Amino acid sequence: MLNPSLLSVFVPTFLLVSLTPGMCMTLAMVLGMTQGVKHTLWMMVGELLGVGLVAASAGAGVAALMLQQPALFAVFKWLGGAYLVYLGVMMWRSRGRMAVPDQVGAGNRAGRRELAVQGFVTAVANPKGWAFFVALLPPFLDASRPLTGQLALLVTLILSIEFLALLTYATGGQTLRHLLGKSRNVRLLNRIAGTLMVGVGLWLAVG
C-alpha cells in the first residue's frame with residue numbers, strides 16, 4: 001500500500017492533468033461527436049492500454065531509455081499523425097466511416113479494431129506523455145516498499161482517472177452532435193470534427 005498522504009496528492013494531481021485538454025481528450029470529443037459515446041469506448045480501450053504501457057514503463061525506468069531514442073518516436077508520430085490528418089480531411093468532406101452520416105443516428109460506424117488502434121497509437125506516440133510520466137510518477141514511489149504493488153496501484157488509479165476524463169469529453173462531443181443534428185447542421189458538425197482531427201494529427205506529428 002502507498003502512504004495515504006501521497007495518495008491525497010497523487011489523485012488530484014493526475015485528475016487535473018487528465019482533465020486538461022490534450023490529444024487524447026480532443027480525440028475522445030471528436031469521436032463522441034461522430035461515433036457516439038458507446039462506440040468511442042473502443043478508442044478508450046486502446047488509449048487506456050497505451051497509457052497503462054507508458055505509465056508502467058515510466059515507473060520501471062524504461063521510459064528514460066525510450067526518450068533517448070527519438071527515431072522511435074519519429075516513426076510513430078509521423079505515421080500516426082498522417083493517419084489522423086487523413087481521417088480529419090475525410091470527415092471535413094463528410095466522407096468515410098468516421099464522418100457523421102447525413103441523417104444523424106444512421107449506421108455509419110468505424111470498426112472497433114480501428115478505433116482501438118487509433119487510441120493506442122495516439123497514447124504511445126506522444127513523447128510528452130512519456131516525459132510527463134517520467135517526471136511525475138517516480139516521486140510517488142517509495143523505494144523502501146515493493147515496487148510492483150505500488151506501481152500496480154498507481155497505474156490502476158491513473159487509468160481510472162483517465163477513463164473518467166475521456167468519458168467526460170466524449171459525452172460533451174455527443175451532446176454537441178445532438179444539438180447540431182437537430183438543427184440539420186451535420187455538414188458543419190463534420191467540418192468541426194474534421195478540423196479538430198486534423199489538429200490532433202498535426203499536433204501528434206510535429207508537437
Side-chain angles (χ1 to χ4, degrees), residues 10-59 76-77 79-81 83-88 90-91 96-100 104-105 107-130 132-133 136-137 151-178 189-190 192-194 196-201 203-204 207:
F10 179 85
V11 172
T13 297
F14 276 84
L15 179 61
L16 177 62
V17 169
S18 291
L19 288 174
T20 300
M23 282 189 289
C24 292
M25 296 305 143
T26 303
L27 183 61
M29 184 176 68
V30 170
L31 293 179
M33 292 167 60
T34 63
Q35 303 293 305
V37 173
K38 185 176 181 181
H39 209 60
T40 303
L41 290 173
W42 291 102
M43 183 282 291
M44 296 182 196
V45 170
E47 196 270 347
L48 292 175
L49 286 174
V51 169
L53 175 62
V54 173
S57 298
F76 275 113
K77 286 172 59 179
L79 289 178
Y83 178 63
L84 293 181
V85 168
Y86 165 76
L87 290 177
M90 293 294 287
M91 292 163 67
R97 290 180 298 174
M98 289 288 184
V100 179
V104 177
N108 187 33
R109 291 289 185 269
R112 296 174 179 178
R113 182 180 299 178
E114 179 182 3
L115 291 171
V117 170
Q118 194 173 350
F120 182 82
V121 170
T122 302
V124 174
N126 181 13
K128 290 183 180 179
W130 289 82
F132 168 77
F133 281 115
L136 283 187
L137 191 56
L151 195 55
L153 177 58
L154 289 179
V155 170
T156 299
L157 288 173
I158 290 171
L159 295 182
S160 299
I161 293 170
E162 185 79 359
F163 174 71
L164 291 176
L166 288 168
L167 196 59
T168 299
Y169 275 81
T171 301
Q174 181 172 268
T175 301
L176 180 59
R177 168 181 175 160
H178 290 324
L189 177 62
N190 277 326
I192 291 174
L196 290 172
M197 184 70 84
V198 169
V200 173
W203 189 356
L204 180 61

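Since we're looking at a predicted model, the values are computed, not measured.
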Inset, instruction - Spell out, as yes or no, whether a donor-acceptor pair under 3.5 Å connects the side chain of Y169 to the backbone of V30. - result: no

Inset, instruction - Indicate the atoms forming the closest heavy-atom contact of A55 with V155, along with that distance. - result: CB-CG2, 4.1 Å

Legend entry - Pairwise distance CG(L15) to CD1(I158) - rounded to 0.5 angstrom: 12.5 Å

Legend entry - Distance in Å, Q118 CD paired with W42 CH2, rounded so as to fall on 0.5 Å steps: 15.0 Å

Legend entry - side chain to side chain contact (heavy atoms under 4.5 Å, CB included) involving L41 - partner list, sequence neighbours excluded: M44, F163, L167

Inset, instruction - First locate atom CG of L166, then atom CE of M43, and finally report the distance between them rounded to the nearest 0.5 Å. - result: 5.5 Å

Inset, instruction - Output the distance between atom CG (L159) and atom CG (L164), rounded to the nearest 0.5 Å. - result: 11.0 Å

Legend entry - Contact check, side chains of F120 and L53, non-hydrogen atoms, under 4.5 Å: yes

Inset, instruction - Please report the shortest heavy-atom distance between E47 and C24, naming the atom on each side. - result: OE2-SG, 3.2 Å

Legend entry - Point-to-point distance, once rounded to the nearest 0.5 Å, from CG of L176 to OG1 of T34: 11.0 Å

Legend entry - M33 to R177 - nearest heavy-atom pair and separation: O-CD, 2.6 Å

Inset, instruction - Would you please test Q35 and T40 for side chain to side chain donor-acceptor pair (under 3.5 Å) and show each step? - result: CA-CA 6 Å; Q35 303 293 305; T40 303; over 6 Å; no

Inset, instruction - Taking all heavy atoms of A165 and all of S18, pick out the closest pair and write down the distance. - result: CB-O, 3.6 Å

Inset, instruction - Please name the pair of heavy atoms, one in G119 and one in L27, separated by the smallest distance, quoted to 0.1 Å. - result: CA-CD2, 4.4 Å

Inset, instruction - To the nearest 0.5 angstrom, please state how far the CE atom of M29 sits from the CE atom of M197. - result: 10.5 Å

Legend entry - Contacts of type side chain to side chain contact (heavy atoms under 4.5 Å, CB included), residue V117, not counting sequence neighbours: R113, V121

